[in-house]
Amino acid sequence: MTQIIKGCLMVAGMWIFSLGAGAQISSNPNKFLGNITTRGTVEAGGGVPQYYKLWNQITCENESKWASVEGTRGAFNWSGADRAFSYAQQHDFTYKFHALVWGAQYPGWLESLSARDRFNAITNWFDHAKDQYDTLPMIDVVNEAIGNHQAGNPMMKESLGGGGKTGYDWLIKAFEMAYERWPDAILIYNDYNSFTWDLDNYITLVRTLRDAGAPIDAYGNQSHDVTDISVSNMENALKKQQDALQMPMFITELDIDIASDEQQKKQYENIFPLMWEADYCAGVTLWGYVLGATWVTNSGLYRDGVERPAMTWLREYMQTDAAKNAKSPLPGTKKEASVYIRPASLKMAVNDVMPIKVRAKMATKTIEKIDLYADGELIATMTEDPYIAEYTATSTGKKTLKAVVTTTDGNTYERLSQIQVNRGEKRAPYNETVPELPGTINADEYDKGMSGVAYSNIAVDRDKFTTTATRDNSWMEYTVDVKEDGLYTMEVEVASTKAGGMLHLAEYGFDNLTFYTDLTEVPSTGGSKEFKTLRCPLKEPLTAGRHVLTLLVDTGGFCIKSMNFKRTPTFSLPGAVEAEDYFVGEGMTIVPTADGYALGNTATGSWAEYSINITEAGKYNYEATVSSVVEGSKFSMVMVESDGTEKTLGTVTVPQTGSLDTYEVKTGKIRNPLKTGQQKLRITVTGGSCNIDKVNLVSTETGIMEVTRDDDTTGDSYNLAGQKVDANYKGIVIRNGKKIIRK
């Protein structure tokens, strides 16, 4: 038997639904007929039957949207969403989370944040949703992102990394973030006007996500635009979508806003069977059912507790054999297979070689093999993960890729993708000798190849790159060899006549779109040839080996000269911790000083962590070099030991120094003695508007706590760099938290 589940997977032990077990309208065991909460409650009241006696799927109309949950930053109210979630569990039917990313109903406080802080806030929102609902059956990951459907879309786009290489990187990032947290949920893109005015735009958006390898499992048609659509137009739109996308589909927000009972009934008769009986339709959700309690005036199916004719017809239709036996691409609303095709690029040159990965996993079955085809020709048969193949394009044009996953029980699961092949230069590193990191890359030495493959929207020749401004949404790729695993810092030389530019560093890996740096704002430097250095700590470590790094210009108008990559240091204590050399943080801004850099203009709640190696145990004092122009600036210090234990070191009160460029040294005692070994120092700003240049930690004890004896051999020993040493090592070693002299 062959099940065509174009891009789907499930969760082992997720929710086991018995959709036909209750007394709901639908008795089809494989697809649901659902609805939404009414005025924030599950039961509609007013004489309307109980929810579970009508519907077997529930979506919160508003209660699970970000604005409803975190209206006040940091304060999460899940009570409304919990009611619907628990009700679905109680009655053994499915629940859909609506929605993670939406450019309409987001918290108002988001608009006051920088792009970098907005990204961190979105990440925090995803994390809290994961903490609240470890397992979810379905999620509207992104809602209404076509063009200017929502006024907040440009802000959300910027927050999630911009258009990038695909034009839809921000959406890909949202789906990757959702997949990372809920790999077994059915991940859906949801939008309106998808049958009428924006049909083509809708198809383009969803197909690009699919082709780029985003973990999108289904497309959702809200269906607010079907009140007066004709049968033929409905049929044509459904067919056009499915022919182009070849993925599961949901009807997500169906309402027919007609005052006349008979005309409303007639339109349900016209279009509902087309939706329900499509074998690629996995379920239908109506957007409200009580007249006067829906977002549009006349869509309700109950008036004063009495069924309208459309509701009566719907009950009768759902008992027909056609309705009961309609097929679903996701039987029982469960994902069995996650299959996503990730080409190295959506474009390639003819006669070039393209690496392609098929990301695949099963919920309950075992993969026997994966066959990968291009325009019907078998490229490779793969039997072991990672499922990576190479494709050589011998002709130009649009090429359809198809992955067929065969499981050991003989079932197959498919996923499609497309790439464009054009005539042009083959992709290659700029020089025969690939740059090594740590090291410096000249900005004009981006990879060779076609536009759309190695670079895009570059307005200048390479030899003029440093003196001509970049464009919005341009990008360049750089092939590099990383010599050592570890955290790095990128220092970018930029020049600009105005403020407002923005850039970030990313890598388009086979398993994720990694944002290595925050979105970094480019200030005015005073001229197009007046270069200054921006310091951008990488948030994720680079692994040793070959990488293709992408420098993305989110907002152009500035010049780039070079990118210098340095290892993020581990600070040895006693000694100074340079505040700008953090390896992870939130809300911090790096500013230049007379002799280097500092954390600047800090905001309350911002934080940074540092890699620390303590070589001398005992008591310490601190010497913090700081500045501020206001009263009340301060920051706390905490040491996080290797086992996760946190030790409070104290709070530094920053004096008012008259200018942020005027630094003073503030001294004090560390509260708790420190242990030796690898640890993390966390600085958290508890009173903003200060600069932090460095914090020097000074040991107040002699350091050597014990002198070895010849028979003292118990326990592992480490040198002062934190490296394990054997019994032949001579000199000062650390054993069991004590310093010992070996002679």
Side-chain angles (χ1 to χ4, degrees), residues 111-120 154-155 157-159 161-164 440-444 446 457-476 489-506 515-538 551-565 579-580 585 587-603 606 627-630 657-663 688-693:
E111 295 181 350
S112 65
L113 304 182
S114 67
R116 175 180 60 189
D117 290 344
R118 291 197 301 269
F119 176 76
N120 292 332
M155 182 187 70
K157 179 178 180 179
E158 179 186 70
S159 304
T440 300
I441 306 171
N442 294 324
D444 60 344
Y446 52 88
N457 205 24
I458 302 299
V460 298
D461 295 331
R462 292 179 190 268
D463 60 351
K464 297 180 180 179
F465 195 83
T466 59
T467 59
T468 305
T470 52
R471 289 177 173 173
D472 293 356
N473 299 314
S474 56
W475 53 269
M476 301 78 71
T489 296
M490 179 179 70
E491 295 179 347
V492 187
E493 287 187 282
V494 297
S496 183
T497 59
K498 60 181 181 180
M502 190 175 299
L503 59 82
H504 69 283
L505 185 75
F515 290 173
Y516 281 117
T517 67
D518 287 322
L519 280 76
T520 302
E521 297 180 3
V522 178
S524 171
T525 63
S528 61
K529 296 184 180 180
E530 298 294 325
F531 284 92
K532 293 186 177 180
T533 301
L534 301 179
R535 193 174 176 282
C536 308
L538 272 61
L551 185 68
L552 296 122
V553 177
D554 307 286
T555 305
F558 58 93
C559 307
I560 311 171
K561 190 174 185 180
S562 68
M563 294 84 71
N564 184 27
F565 289 82
E580 72 276 9
M588 292 297 191
T589 301
I590 295 171
V591 297
T593 66
D595 57 355
Y597 297 95
L599 298 181
N601 304 309
T602 54
S606 57
S627 67
S628 180
V629 293
V630 300
T657 61
S659 167
L660 288 173
D661 294 326
T662 301
Y663 289 86
S689 302
C690 63
N691 283 12
I692 308 170
D693 184 16

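Just so it is clear, the model here is predicted, and its values are computed rather than measured. These values consider heavy atoms only, across backbone and side chains, with no hydrogens, waters or symmetry-generated copies. The first residue in the sequence is number 1, and the count goes up from there.
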Is the backbone of Leu113 close enough, under 3.5 Å, to the side chain of Arg118 for a donor and an acceptor to pair up by distance? yes
Residues forming a ring-ring contact (aromatic ring centres under 6.0 Å, His included) with Phe119, sequence neighbours excluded: Phe515
When you compare the side chain of Tyr597 with that of Thr533, does any pair of heavy atoms fall below 4.5 Å? yes
About how many Å separate CG of Asn564 and OG1 of Thr440, when rounded to the nearest 0.5 Å? 3.5 Å
Under 3.5 Å: donor-acceptor pair, side chain of Thr602, backbone of Cys690: yes
Treating Ser627 as the side-chain partner and Thr657 as the backbone partner, does any N or O pair qualify as donor plus acceptor under 3.5 Å? no
Please check if the side chain of Ser496 supplies one atom and the backbone of Thr525 the other of a donor-acceptor pair under 3.5 Å. no
When rounded to the nearest 0.5 Å, the distance separating CD1 of Ile560 from OG of Ser474 is 7.0 Å
Thr520, Thr517, Val553 screened by side chain to side chain contact (heavy atoms under 4.5 Å, CB included) with His504, the one that passes: Thr517
Quick check: does any side chain N or O of Thr470 sit under 3.5 Å from a backbone N or O of Phe558, one acting as donor and the other as acceptor? yes
With sequence neighbours left out, write down each residue that passes side-chain hydrogen bond (donor to acceptor under 3.5 Å, both in side chains) with Ser606, or none if nothing qualifies. none
Partners meeting salt bridge (Lys or Arg N to Asp or Glu O under 4.0 Å) with Glu530 (sequence neighbours left out): none
Do any N or O atoms from the side chain of Thr662 and from the backbone of Leu660 form a donor-acceptor pair under 3.5 angstrom? no
Once rounded to the nearest 0.5 Å, what's the spacing between atom CG of Asp595 and atom CG of Asp693? 6.0 Å
Can you check whether Leu551 reaches Met563 side chain to side chain, under 4.5 Å on heavy atoms? yes
Should Thr593 and Tyr663 count as side-chain neighbours, where that means a heavy-atom distance under 4.5 Å? yes
When rounded to the nearest 0.5 angstrom, what is the spacing between CG in Asn691 and CG in Asp661? 7.5 Å
